[in-house]
Amino acid sequence: MTASALLPESLRQDFPILAQHVHGDKPLVFLDNAASSQRPEAVIKAMVESYACDYANVHRGIHVLSERSTDAYELARSKVRAFLGAAYEHEIIFTSGTTAGINLVARSWGDANLRAGDEILLNLMEHHSNLVPWFQLAERTGAVVRHIPLTEDGRLDLYDLDEYLTPRTRIVAVTAVSNTLGTINPVRELARAAHDVGAVVLVDAAQSAPHLRTDVQELDVDFLALSGHKMCGPTGIGVLYGRAELLEAMPPMFGGGSMINRVYADRFTSADLPAKFEAGTPPIVGAIGLGAAIDYLEAIGLDRIHAHEQALVERAWEGLSQVEGIRLLGPRPELRAGLVSFVLDRPHAHDIAQLLDREGIAVRAGHHCTQPLHDHLGITASTRASFYLYNTVGEVDALIAAVRDVRDRFKPTGRKRRRA
Amino acid sequence: MTASALLPESLRQDFPILAQHVHGDKPLVFLDNAASSQRPEAVIKAMVESYACDYANVHRGIHVLSERSTDAYELARSKVRAFLGAAYEHEIIFTSGTTAGINLVARSWGDANLRAGDEILLNLMEHHSNLVPWFQLAERTGAVVRHIPLTEDGRLDLYDLDEYLTPRTRIVAVTAVSNTLGTINPVRELARAAHDVGAVVLVDAAQSAPHLRTDVQELDVDFLALSGHKMCGPTGIGVLYGRAELLEAMPPMFGGGSMINRVYADRFTSADLPAKFEAGTPPIVGAIGLGAAIDYLEAIGLDRIHAHEQALVERAWEGLSQVEGIRLLGPRPELRAGLVSFVLDRPHAHDIAQLLDREGIAVRAGHHCTQPLHDHLGITASTRASFYLYNTVGEVDALIAAVRDVRDRFKPTGRKRRRA
Amino acid sequence: MPSEEEIYQDHILDHYEDPFHRGKLPTATHAHEDKNPLCGDVVRIELQLDRDGRVSDAYFSGDGCVISQASASMLLEALVGKTVDEVKEFSAEDMLKLYGARLTPNRQKCCLLSWRVVQQALYSPVGA
Amino acid sequence: MPSEEEIYQDHILDHYEDPFHRGKLPTATHAHEDKNPLCGDVVRIELQLDRDGRVSDAYFSGDGCVISQASASMLLEALVGKTVDEVKEFSAEDMLKLYGARLTPNRQKCCLLSWRVVQQALYSPVGA
Ligand SMILES: Cc1ncc(COP(=O)(O)O)c(C=O)c1O
Ligand SMILES: Cc1ncc(COP(=O)(O)O)c(C=O)c1O
């Protein structure tokens with residue numbers, strides 16, 4: 001670990017929630033960032049200011065507050081465009097989150113384009129949000145779900161890719177970073193191969209957008225979905241990026257205000273992008289908060305954030321791998337983003353999480369919405385520690401020590417139940 | 001107007017945004033509440049405290065912050081249940097807004113239950129959000145859209161209801177309060193008639209829930225949708241109420257985290273209510289903010305809020321009806337909620353809104369997402385002033401004076417264009 | 001408020017009350033109608049293009065705000081007699097300049113409606 | 001931390017390490033399996049009900065956290081020998097009391113898993 005890769009601990013002061021103690025006197029060690037991150041004062045303030053000074057519904061109002069609110073909402077869209085390297089602002093659709101974005105594509109693009117026998121190419125490390133919508137689509141259309149196999153160490157096995165990716169493949173949906181294994185997937189390579197057979201590519205960027213620089217044009221992907229709450233933004237806001245030609249050809253999904261051009265007594269015509277996919281009052285202040293989060297992340301720099309997490313995950317990997325009875329999931333540190341999942345021979349993940357919590361360390365235990373991956377790995381649950389820009393080496397060391405203590409405590413000791 | 005019906009002006013101090021001046025020295029007169037309301041300090045504070053003290057993702061976490069966050073999220077659900085008089089908490093589904101709620105019913109219940117030739121009963125005063133989803137459903141299923149006619153003064157004409165409501169009717173979707181006409185519709189009577197022919201009833205409560213007491217059991221409706229942002233709550237949050245038997249029988253719509261029971265490599269089973277319809281990370285802090293908004297509204301009392309608005313709308317109606325060249329839309333004050341829409345012979349609604357804005361008065365101009373109603377009324381746009389608990393008699397008088405001034409300014413004067 | 005900020009300037013109100021060529025043009029060779037979906041402003045423009053590629057006459061009809069209606073009047077007054085190529089070169093910016101008063105983006109849409117309709121009308125022969 | 005707050009009390013760890021009747025029951029007349037969907041805890045319980053309506057024997061198998069596994073052990077130890085009616089009357093509250101340690105709602109689900117499975121097993125004859 002190069003100390004120079006680390007971000008200054010002083011930036012923790014930007015995050016009011018981190019200053020607290022839990023269970024009495026335990027400083028909070030928040031390592032549950034893959035589930036949802038915390039947010040800096042600047043993001044909270046942007047939302048408060050919007051509500052307290054500049055709020056009204058957007059788009060349709062001819063008055064000062066509505067104009068300020070509309071400008072702020074559209075400015076957020078332009079920040080997202082720049083953040084993702086998209087060509088046009090109308091390629092940026094505000095949604096309520098990654099799950100909503102993927103479902104939108106599965107319903108709107110999927111129902112319009114898939115026929116019985118067409119193939120959807122997935123893989124077993126995907127989050128339920130990037131599996132279930134495709135299973136539902138397959139059920140509606142008769143399309144077939146196939147999976148790219150995984151390597152022993154939890155990467156996509158692209159060796160025999162052309163067995164899976166064929167002219168029958170209509171879409172490849174893949175996560176840029178696995179929320180359980182930490183694997184960083186070769187999205188660009190996969191997109192090139194998919195386009196070669198005429199398939200479109202959807203990227204689940206829920207775990208990558210907060211941590212790694214994203215450029216949709218460089219990656220050359222067709223759709224990309226992310227969630228604000230995992231990247232220092234508010235809950236209830238997300239983004240779906242889609243290439244303009246694809247979005248333009250897609251039918252609207254939700255019907256309602258804004259997404260229409262003209263409504264008659266029994267039919268309607270659709271608005272242009274991006275309104276076509278933003279029916280109803282959008283999450284206005286959520287979008288403004290996301291814009292502020294992007295400003296915050298960009299000011300630090302995504303590359304520096306990644307390097308920082310890289311340093312932490314290397315140290316965590318190194319330390320945890322020495323705990324007795326542990327199994328670390330996923331590839332070695334250089335190939336992964338800033339999270340690490342593991343199982344101990346004993347106790348169970350939930351017990352680990354509960355005992356870590358008592359030390360003030362927040363981790364996640366369970367299947368992390370990746371049941372098929374857990375089945376594949378032959379386990380029902382794992383414990384996950386996931387890092388973000390505000391985590392420190394000291395916190396990683398506390399995690400390692402606490403995991404070691406838990407394992408020690410549950411070492412078999414020849415206990416006997418009291419017989420009745 | 002009985003002065004005793006009015007709420008104290010001091011409650012304006014609860015709303016930080018209202019204290020400002022616009023266009024230099026004009027005190028803000030915010031009369032665009034039907035588009036979106038403002039929120040009290042208490043709601044903003046509830047959200048800030050959540051983000052700054054108690055935030056983590058809900059449900060799946062075994063650590064302090066996740067438990068606090070989960071408790072607060074579920075407490076919000078129980079507040080909504082009580083607010084709506086619903087029997088069970090699992091009948092309360094958090095959505096991103098009214099539009100999302102109606103679309104959910106149209107897709108999930110609609111696709112599962114409607115066949116070609118079935119009828120959907122609507123009416124021309126509905127908001128686009130309660131029209132377009134049904135047009136889309138009709139297109140997908142071959143069902144037929146019919147409309148309850150309107151009376152001259154803009155109420156539902158139920159005289160020949162059995163011509164429209166027949167055993168072929170599968171669903172009646174109706175707004176409790178028209179966002180353009182202000183009409184309060186007889187939901188309970190309609191629900192009884194609908195149930196008599198075996199139809200289900202969906203109520204668009206976007207404009208009623210913020211202003212009138214709602215009791216889904218007393219109204220005996222099957223579905224009811226509302227938006228937080230119109231009732232002192234945050235953007236990006238809404239509620240769909242559904243009767244448990246109906247929700248239980250409906251297939252899930254969005255696929256993803258939380259809504260599953262078990263996910264395999266190519267299929268899944270659904271979770272129980274309410275999770276089945278809450279795929280992905282929900283709008284956690286939005287729900288908490290909505291809970292705080294409900295506390296605020298209940299502390300004042302919905303009946304008092306309605307009486308206050310009633311007093312304001314009577315005065316507005318009285319005053320505006322004396323402006324030359326005006327046409328007021330909708331029924332007389334006793335039959336309406338706290339908003340009033342009108343057209344002047346000149347100028348156009350947008351010009352009125354712009355000139356009122358210069359006086360600091362925020363109103364809405366356009367079709368208010370009710371194009372079919374505007375077509376029916378033979379107009380393309382109207383101007384709408386909509387009141388809420390913080391509006392005052394003085395503001396109503398300012399509105400009336402300003403509208404009179406605008407009309408005066410655009411009175412025909414025999415102007416001549418300079419000839420080239 | 002400085003005069004250029006005043007969107008209801010006298011010469012604009014003049015066009016609103018006493019518009020140039022409001023009505024129908026029975027001899028129109030080209031025509032188009034469109035609306036501002038958010039506002040409901042509607043403008044129909046009928047053009048008569050003569051053989052040497054000139055706008056020899058033009059009329060508008062429609063309904064909407066002062067800005068959309070006055071701007072239609074101003075635009076037609078400015079375009080009659082111009083060549084088709086000159087009309088094509090007449091940009092959105094030119095239109096906003098012609099209108100004169102400074103407009104917020106929302107109201108610019110009202111002002112540009114008739115300009116959009118004219119540009120489209122050039123490609124919309126009547127009866128085609 | 002007071003002892004009742006301690007969810008990893010000695011007697012619980014004893015049940016975890018040295019469980020009552022973990023395994024299969026080839027003579028089972030009734031059986032059921034279920035899981036805690038959020039956690040992945042799984043418990044299968046096999047019961048032998050004799051003619052006079054008594055639980056004459058019971059075994060559990062499964063995988064999961066200390067709470068879910070220890071509570072299954074405690075529950076079976078308490079139920080063997082009871083009548084079917086007594087088992088039906090044994091409430092969720094009784095189960096939490098039997099477990100002893102105070103649990104958050106999240107962890108109560110783990111503790112109540114085996115209780116739910118037993119209640120269901122009473123209605124699930126083997127081979128039916
Ligand atoms: C009557 C009515 N229905 C539905 C809606 C849609 O609500 P939302 O935009 O919050 O989804 C509105 C508000 O715009 C409304 O007034
Ligand atoms: C890889 C991945 N995809 C999708 C999601 C779903 O995101 P959300 O719950 O914000 O919709 C998550 C987060 O839970 C995730 O980690």
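Excluded from the calculations below are hydrogen atoms, water molecules and symmetry mates; all remaining heavy atoms, backbone and side chain alike, are included. Keep in mind that this is a model prediction, so the values were computed, not measured.
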Task: Distance in Å, B/Thr99 OG1 paired with A/Phe254 CZ, rounded so as to fall on 0.5 Å steps - done: 9.0 Å
Open item on the list: Please identify, among A/Ile260, A/Val145, A/Asn130, the residue contributing the most non-hydrogen atom pairs under 4.5 Å to chain B.
Closed with: A/Ile260
TODO: Mind listing the closest non-hydrogen atom pair of B/Gly286 and A/Thr235 along with its distance?
DONE: N-OG1, 4.0 Å
Task: Approximate separation, where rounding is to 0.5 Å, of B/Phe135 CZ and A/Asp266 CG - done: 6.0 Å
TODO: Measure the shortest side-chain to side-chain distance between B/Asp357 and A/Ile62 over non-hydrogen atoms and say whether it is less than 4.5 angstrom.
DONE: no
- [ ] Answer whether the closest heavy-atom distance between the side chains of B/His128 and A/Met259 falls below 4.5 Å.
- [x] no
Task: Between B/Ala19, B/Ala100, B/Ala35, the one whose heavy-atom pairs under 4.5 Å with chain A are most numerous - done: B/Ala35
Task: Side-chain heavy atoms of B/Glu41 within contact of A/Tyr51, under 4.5 Å - done: no
TODO: Find out whether A/Asn57 and B/His229 are in side-chain contact, i.e. whether some heavy atom of one side chain is under 4.5 Å from a heavy atom of the other.
DONE: yes
- [ ] First locate atom SG of B/Cys53, then atom CG of A/Leu28, and finally report the distance between them rounded to the nearest 0.5 Å.
- [x] 11.5 Å
Open item on the list: Quick check for you: to the nearest 0.5 Å, what is the distance between A/Ile44 atom CD1 and B/Glu49 atom CD?
Closed with: 11.0 Å
TODO: Under 4.5 Å, counting heavy-atom pairs only, tell me which of B/Pro234, B/Ser227, B/Ala56 racks up the most with chain A.
DONE: B/Pro234
Task: Top contributor to chain A contacts, counting heavy-atom pairs under 4.5 Å, from B/Gln354, B/Lys45, B/Glu139, B/Met253 - done: B/Met253
TODO: Using non-hydrogen atoms and a 4.5 Å limit, figure out which bit of B/Asp54 sits close to chain A: side chain, backbone, both or neither.
DONE: backbone
- [ ] Quick one: pull up CG in A/Leu65 and CZ in B/Phe30 and give me the separation to the nearest 0.5 Å.
- [x] 6.0 Å
- [ ] Mark yes or no for whether A/Asp375, through its side chain, and B/Tyr264, through its backbone, hold a donor-acceptor pair below 3.5 Å.
- [x] no
Task: Which atoms of B/Ala206 approach chain A - backbone, side chain, both or neither, heavy atom under 4.5 Å - done: neither
Open item on the list: Tell me which of these, B/Ala353, B/Pro283, B/Ser37, has more heavy-atom pairs under 4.5 Å with chain A than the rest.
Closed with: B/Pro283
Task: Closest non-hydrogen atom pair between B/Ile17 and A/Tyr55, with its separation - done: CD1-N, 3.3 Å
Task: Min side-chain heavy-atom separation B/Gln371-A/Arg262 under 4.5 Å - done: yes
TODO: Might you point out which heavy atoms bring B/Ala265 and A/Leu124 nearest each other, and give the distance in Å?
DONE: CB-CD2, 3.9 Å
Task: Residue selection (most heavy-atom pairs with chain A, distance under 4.5 Å) from B/Ala106, B/Pro16, B/Ala52 - done: B/Ala52
TODO: Can you see which heavy atom on B/Gly257 is nearest to which on A/Ser129, and at what distance?
DONE: N-OG, 3.3 Å
Open item on the list: Does any backbone or side-chain atom of B/Val363 lie under 4.5 Å from a heavy atom of chain A? Answer side chain, backbone, both or neither.
Closed with: backbone
Task: A/Arg364 backbone acceptor or donor facing B/His63 side chain under 3.5 Å - done: no
Task: Any donor-acceptor pair under 3.5 Å from A/Asn103 side chain to B/Gly255 backbone - done: yes
Open item on the list: Please classify the contact of B/Val64 with chain A as side chain, backbone, both or neither, using a heavy-atom distance under 4.5 Å.
Closed with: both
- [ ] Report yes if some heavy atom in the side chain of A/Gln136 is under 4.5 Å from a heavy atom in the side chain of B/Pro251; otherwise report no.
- [x] no
TODO: Please flag which part of B/Arg39 lies under 4.5 Å from any non-hydrogen atom of chain A: side chain, backbone, both or neither.
DONE: side chain
Open item on the list: Is B/Val285 in contact with chain A via its backbone, its side chain, both, or neither, using a 4.5 Å heavy-atom distance?
Closed with: both
Open item on the list: Just so I know, are the side chains of B/Val22 and A/Arg68 near enough to count as touching, which here means a heavy-atom distance under 4.5 Å?
Closed with: yes
Open item on the list: Quick check for you: among B/Lys230, B/Arg146, B/Arg267, which has the greatest number of heavy-atom pairs under 4.5 Å with chain A?
Closed with: B/Arg267
